[in-house]
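Working notes, beginning with the structure itself.
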Amino acid sequence: MPELIEVETYRALADEVVGRTVSEVHAPDDWFVKGSTAEEVVATMTGESILATRRRGKLLLMDTTGPTLGLRFGMTGRLLVDGAAAISKLEYSSDRNDPAWDRFALRFVGGGDLVLRDPRRLGGVELDPQEDALGIDATTVSAQQLAAVLASSARPLKARLLDQARVAGLGNLLVDETLWRAGLDPQRASDELTVAEVKSLRRTMRSTIRALTRRGGSHTGDLQSERRPGGICPKDGAGLATAKVGGRTTWFCPAHQH
DNA sequence: CCGGATGTTCACCT
DNA sequence: GAGGTGAACATCCG
C-alpha cells in the first residue's frame, strides 16, 4: 500500500465527500469486511452522513453521524472518488479497470461515490476500528516517543520501525530509504542507538516523508531504482547489500549505513 | 513456469 | 510474553 504518503493522499481525496449522505453501500465481499458482516456495514452506514476524515498510519478513518469507518488498502488498494483516482499509477497495482475489484463502495445522495478498488483483497473495511492498536503516526512522533520505542526492544531497527503498533505509517520502501539517508544499519539492535542517532533518525524520517510526498510517492526514493541485484549506492557507489529484516526484503549500503 | 512484490493477520514454533 | 517463520489473500511483472 500504500504507505503513509499514499494514504494521506487518499485522505485528502476522501475529504471531497465530507458533508454527503450515504444512499447506498456496496459490500459484495464478506472477506473484505473485518469485525462484522458485510450486511451489518450496509445496514449501519446507509443514511449516515460523512463528517470528517482522519488518518493514523496507514489507516484512513471517516467519521460519520453513525460509526467511524476505517479503510485499509493492503499493498494494492486504491481509492476513487466520483470516478477519479488520487494516484493513477500505483506500483504493483494494475491500471486495469475491473469492476470485480471494487471491494467496497459508498454511493451518495445527489450522486457521486467513493470506491475502494483492490485487486488482491489485501485491504479491508471495518466499523469503529481499534485506533489505539496503532502507534504514534510517523509524521508526529516526538524524539522522546521514538527514543522510548527504540529503547524498549533489541529487535532490528528496521523491524521496530515497521511495527505499526509502535510507530504507524512506515512501510518497507519508506524505511529502507529513511535508514539509507540516515546512514543507519537496518539490522542494528534498536536499543543500541544513541540519543543523537535517534534525533537524527527522526529528522531524516520527517524530511524523507516530505521529499517523497513532493515527488509523488513511497516509490520515488533515491534508492528505489537500485533495489535489485547489482544495485549501487547512489551516495558512495558501493555495491548494495540485501537481507531479510523483519520479514521483509531489505536493501542497504554496507559502506555507509552503520 | 517460478518467484517476488509499498501489507496484515494468524497459526505454529522456539 | 517475545520474536521468528511461513502461509494466505490474487494479480502483475521480470
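Every chain is numbered from 1 and lettered A, B, ... according to where its sequence line falls, protein lines coming before strand lines.
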Q: Quickly work out the A/Leu60 CG to B/dG7 P distance and round it to whole Å.
A: 17 Å
Q. Under a 4.5 Å side-chain heavy-atom rule over Ile, Leu, Val, Met, Phe, Trp and Tyr, are A/Val141 and A/Leu201 clustered together?
A. yes
Q: Taking only the side-chain heavy atoms of A/Asn172 (C-beta and beyond), determine which of C/dC12, C/dC9, B/dG7 contains the nearest atom.
A: B/dG7
Q) In whole angstroms, how far is the P atom of B/dG7 from the CH2 atom of A/Trp31? A) 15 Å
Q: Return the value, rounded to whole Å, for the distance between atom CD of A/Glu126 and atom C1' of B/dT8.
A: 12 Å
(Q) Are the side chains of A/Leu114 and A/Leu80 in contact, using a 4.5 Å heavy-atom criterion? (A) no
Q: Output the single nucleotide from B/dG7, B/dG4, B/dT8 whose closest atom is nearest the side chain of A/Met75.
A: B/dG7
Q: Look at the side-chain N and O atoms of A/Arg228 and state whether any lies under 4.0 Å from the OP1 or OP2 oxygen of C/dG14.
A: no
Q: Specify the separation, in whole Å, of atom CZ of A/Phe73 and atom P of C/dT11.
A: 19 Å
Q: State the CG-CG distance between A/Leu59 and A/Leu134, to the nearest 0.5 angstrom.
A: 6.0 Å
Q. Separation of A/Asp163 atom CG from C/dG4 atom C1', in whole Å?
A. 13 Å
**Q.** Side chain to side chain, A/Cys253 and A/Asp236, heavy atoms closer than 4.5 Å
**A.** yes
Q. Of the nucleotides C/dC12, B/dG7, C/dG4, which has the atom closest to the A/Arg248 side chain?
A. B/dG7
Q: Could you tell me whether the phosphate oxygens of B/dG4, OP1 or OP2, come under 4.0 Å of any side-chain nitrogen or oxygen in A/Thr249?
A: no
Q. Can you check whether A/Phe104 and A/Phe32 have ring centres sitting under 6.0 Å from each other?
A. no
Q: Could you give the distance separating C/dG1 and B/dT8 at their P atoms, to the nearest angstrom?
A: 22 Å
Q) Are A/Ser153 and C/dG3 close enough that a side-chain N or O sits under 4.0 Å from OP1 or OP2? A) yes
Q) What nucleotide among B/dG7, C/dG3, C/dA10 has an atom nearest to a side-chain atom of A/Arg120? A) C/dA10
Q) Which whole-number value in Å describes the distance from A/Leu173 CG to B/dA5 P? A) 10 Å
Q) Where the side chain of A/Arg160 is defined as all heavy atoms beyond and including C-beta, which of C/dT11, C/dG4, C/dG3 is the nearest nucleotide? A) C/dG3
Q: Answer with base, sugar-phosphate or nothing: what part of the nucleic acid does A/Arg227 contact at a heavy-atom distance below 4.0 Å?
A: sugar-phosphate
Q. Does a side-chain N-to-carboxylate-O contact under 4.0 Å join A/Arg117 and A/Asp98?
A. no
Q. If you check every side-chain atom of A/Leu122, which of C/dC9, C/dG3, B/dA5 has the closest atom?
A. C/dC9
Q: Could you state the atom-to-atom distance from CG of A/Leu4 to P of B/dT8 in whole Å?
A: 11 Å
Q. Expressed in angstrom and rounded to an integer, what is the separation of A/Leu174 atom CG from B/dG7 atom P?
A. 9 Å
(Q) Please determine whether a side-chain nitrogen or oxygen atom of A/Trp101 lies at a distance below 4.0 Å from atom OP1 or OP2 of C/dT11. (A) yes
Q: With heavy atoms under 4.0 Å as the rule, sort A/Pro229 into base, sugar-phosphate or nothing.
A: nothing
**Q.** Side chain of A/Pro119 (C-beta onward), nearest among C/dG4, B/dG7, C/dT11
**A.** C/dT11
